[in-house]
**Student:** 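Got a structure here, written out as structure tokens. Questions coming.
These values consider heavy atoms only, across backbone and side chains, with no hydrogens, waters or symmetry-generated copies. Predicted, not measured: the structure shown is a model, and the values here were computed from it. Each chain gets a letter, A, B and so on, in the order the sequences are listed, and its residues count up from 1.
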Number of protein chains: 2
Amino acid sequence: MVTNKAIQEQRMKGYFIQATKDILKGEGLKGVSVRNVAQQAGYSYSTIYNYFKDVNDLVFVCISDFQQECASFVADQAQSSAPGVDRLKKLVVGYVNFFVEYPGLFELFYLAKVGDFGHKEATINVINSSLDAICEKEWNYCIARGMVKAADVERLKAQLRYMVISLLLLYLNRRFPASYSEFMNQLTIQINAILDNEALSEQTVANSGQGGTLVQNSLISVNIK
Amino acid sequence: MVTNKAIQEQRMKGYFIQATKDILKGEGLKGVSVRNVAQQAGYSYSTIYNYFKDVNDLVFVCISDFQQECASFVADQAQSSAPGVDRLKKLVVGYVNFFVEYPGLFELFYLAKVGDFGHKEATINVINSSLDAICEKEWNYCIARGMVKAADVERLKAQLRYMVISLLLLYLNRRFPASYSEFMNQLTIQINAILDNEALSEQTVANSGQGGTLVQNSLISVNIK
DNA sequence: CAAATATAATGAACATTGTTCATATTTTAA
DNA sequence: TTAAAATATGAACAATGTTCATTATATTTG
């Protein structure tokens with residue numbers, strides 16, 4: 001049974017969580033201070049400690065919500081494209097676009113230091129399987145249709161994951177590549193290198209470029225601040 | 001001409017830099033506070049501001065030194081192996097081992113937020129070309145011997161870079177994979193996937209594993225805390 | 001060598017962080 | 001309505017980066 005106290009407690013938590021999420025999407029982690037969150041939620045800063053162990057705890061619970069949001073964002077961008085490898089590519093691009101639009105969330109997912117990791121296995125898992133979860137349905141489709149060798153799938157998933165995360169890390173954190181178009185060019189090259197080589201439908205797209213030639217991509221453009 | 005004042009200033013800077021480097025290698029960025037550094041150097045905390053603009057400035061100048069150290073570390077590990085793709089693989093593994101041994105330096109290289117990035121282009125470049133610089137000689141060797149297609153080199157470099165950085169990021173920051181041996185297994189699989197496919201000396205090493213089988217690797221083991 | 005001046009080292013002080021805790025306030029129970 | 005329990009609050013503490021007036025040292029000058 002759900003007691004009134006439990007409902008009210010959840011509601012209070014929700015106020016702080018919502019405030020934290022708004023700040024994370026806007027200013028990023030640096031904007032999240034216990035006093036800042038409390039003010040936005042309309043409470044005193046010390047009240048937070050009646051509902052959360054510490055500020056890390058508060059930030060941590062936002063992650064699952066954001067993963068959901070990311071999945072919706074990506075699905076929306078990819079639904080129009082043809083199922084199979086094509087849509088797989090769009091899903092990956094959508095995933096990248098999400099974090100380019102919300103750099104603070106990339107920071108939260110991959111860069112944030114969180115004090116005790118021991119009891120947060122579940123949340124960590126949400127992060128680590130974030131991209132895979134979004135692509136899972138499409139991978140299964142590709143396997144069923146014989147578009148990729150089943151034995152290669154785990155390695156390919158890993159390759160995509162590694163490529164995407166580093167590309168975002170370097171672009172958002174180290175300004176490399178320097179421009180958004182170069183960044184997207186790199187992304188396209190790498191996606192094709194991973195997915196076209198292994199795909200049985202060997203179409204060998206023009207992706208040989210030395211990094212100099214700009215590969216045309218029909219990707220959704222995203223505003224960068 | 002080098003004035004006495006310049007010499008003394010460089011010496012003073014050196015004391016603070018050395019202290020900062022020691023702390024970075026030991027405790028990582030979280031251990032670097034202006035008071036902590038000053039104490040280790042034997043001066044008052046405020047003295048630092050006579051030689052460095054701020055604490056970021058101090059941390060920043062350590063990066064070039066560490067890149068040198070990393071290069072030596074890697075060269076030492078790879079010198080015994082045969083030139084060509086084989087040594088290339090060892091160089092990459094060595095690069096990974098360096099940051100596994102000094103997680104604080106990985107944080108510094110790839111995760112650290114530094115306030116103003118505008119005037120630090122050179123240092124940023126050291127980071128971005130860090131792995132490439134270490135492998136450059138070997139790449140040239142492979143190209144000259146026709147072991148890799150010259151047109152593919154830039155993409156392969158990028159693939160290695162992205163793979164290595166993410167693998168380290170997830171392992172050091174997100175405990176994924178959970179064990180060092182799994183981590184090294186992943187690394188081996190990915191290196192082979194990138195370098196064996198493209199190398200003309202197509203030897204197709206047994207790297208088909210689904211991530212379950214442990215690939216034997218003769219890699220230098222590294223203590224993990 | 002002594003005095004004047006320039007240079008450099010220092011800690012007090014301020015703002016901002018996370019966190020704790022005794023107190024004030026509000027809600028619930030009798 | 002009153003007593004008790006639950007909850008919201010701001011004062012207080014430690015640690016952070018940074019600034020600045022003051023102290024100490026080094027250099028130059030008479």
Side-chain angles (χ1 to χ4, degrees), chain A residues 1-20 23-24 27-62 104 107-108 111-117 119-120, chain B residues 1-20 23-24 26-62 104 107-108 112-117 119-120:
Chain A
M1 171 229 173
V2 183
T3 67
N4 281 355
K5 176 153 70 172
I7 292 174
Q8 289 160 16
E9 185 172 321
Q10 271 315 111
R11 192 140 46 201
M12 283 295 288
K13 279 193 166 191
Y15 298 148
F16 291 117
I17 291 170
Q18 190 54 53
T20 306
I23 295 170
L24 281 170
E27 312 166 56
L29 257 179
K30 68 182 177 311
V32 176
S33 79
V34 77
R35 285 168 174 81
N36 203 358
V37 170
Q39 182 184 350
Q40 191 130 336
Y43 287 92
S44 170
Y45 54 88
S46 54
T47 305
I48 288 177
Y49 291 91
N50 293 333
Y51 297 93
F52 300 91
K53 183 176 133 284
D54 54 29
V55 77
N56 289 329
D57 199 22
L58 175 58
V59 165
F60 231 66
V61 298
C62 298
E107 198 187 351
L108 174 61
L111 273 37
K113 300 251 166 257
V114 207
D116 83 356
F117 258 55
H119 292 242
K120 304 295 178 187
Chain B
M1 172 229 171
V2 182
T3 68
N4 281 353
K5 176 152 71 174
I7 291 175
Q8 290 160 15
E9 185 172 320
Q10 271 315 112
R11 192 140 48 200
M12 284 294 290
K13 278 193 166 191
Y15 298 149
F16 291 117
I17 291 171
Q18 190 55 52
T20 306
I23 294 170
L24 282 170
E27 312 166 56
L29 257 179
K30 68 183 178 310
V32 176
S33 78
V34 76
R35 285 167 174 81
N36 203 356
V37 169
Q39 182 183 349
Q40 191 129 336
Y43 287 92
S44 171
Y45 55 88
S46 54
T47 305
I48 288 178
Y49 291 91
N50 293 334
Y51 297 93
F52 299 92
K53 185 177 132 283
D54 54 30
V55 78
N56 289 329
D57 198 23
L58 175 57
V59 165
F60 231 65
V61 298
C62 299
E107 198 188 349
L108 173 62
K113 301 251 167 257
V114 208
D116 84 355
F117 258 53
H119 291 243
K120 303 295 177 184

**Student:** Are the side chain of B:S33 and the backbone N or O of B:N36 linked by a donor-acceptor pair below 3.5 Å?
**Tutor:** yes
**Student:** Between the base of D:dA11 and the side chain of A:Y45, is there a donor and acceptor pair under 3.5 angstrom?
**Tutor:**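 Such a pair exists between side chain and base.
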**Student:** Round to a whole Å and report the spacing from CE of B:M12 to C1' of D:dA26.
**Tutor:** 14 Å
**Student:** I'd like to know whether CD of A:E9 has more than 12 heavy-atom contacts from other residues, nucleotides or ligands below 6.0 angstrom.
**Tutor:** yes
**Student:** What is the distance, to the nearest angstrom, from the NZ atom on A:K113 to the P atom on C:dG18?
**Tutor:**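 Rounding to the nearest Å, NZ of A:K113 and P of C:dG18 are 18 Å apart.
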**Student:** D:dT7, C:dT17, D:dT18: which one has an atom nearest the side-chain heavy atoms of B:V34?
**Tutor:**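 Nearest to the side chain of B:V34 among the choices is D:dT18.
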**Student:** Within the 4.0 Å heavy-atom criterion, would you say A:V55 contacts the bases, only the backbone, or no part of the nucleic acid?
**Tutor:**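 A:V55: backbone/sugar contact only, no base atoms under 4.0 Å.
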**Student:** Going by modelled atom types, is there a donor-acceptor pair between the base of D:dA8 and the side chain of A:Y15 at under 3.5 Å?
**Tutor:** no
**Student:** Between C:dT10 and B:Y49, is there an OP1 or OP2 to side-chain N/O distance shorter than 4.0 Å?
**Tutor:**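 Checking B:Y49 against C:dT10: no side-chain N or O falls below 4.0 Å of OP1 or OP2.
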**Student:** Starting at the 5' end of DNA chain C, which residue's closest nucleotide do you reach first, B:R35 or A:D54?
**Tutor:**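 Looking at the nearest nucleotide for each, B:R35 comes out on the 5' side.
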**Student:** Please work out whether the ring planes of A:F52 and A:F16 are parallel, tilted or perpendicular, with thresholds of 30° and 60°.
**Tutor:**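 Perpendicular: the ring planes of A:F52 and A:F16 meet at over 60°.
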**Student:** Taking the nucleotide of DNA chain C with the closest heavy atom to each, which residue, A:V32 or B:S46, is nearer the 5' end?
**Tutor:** B:S46
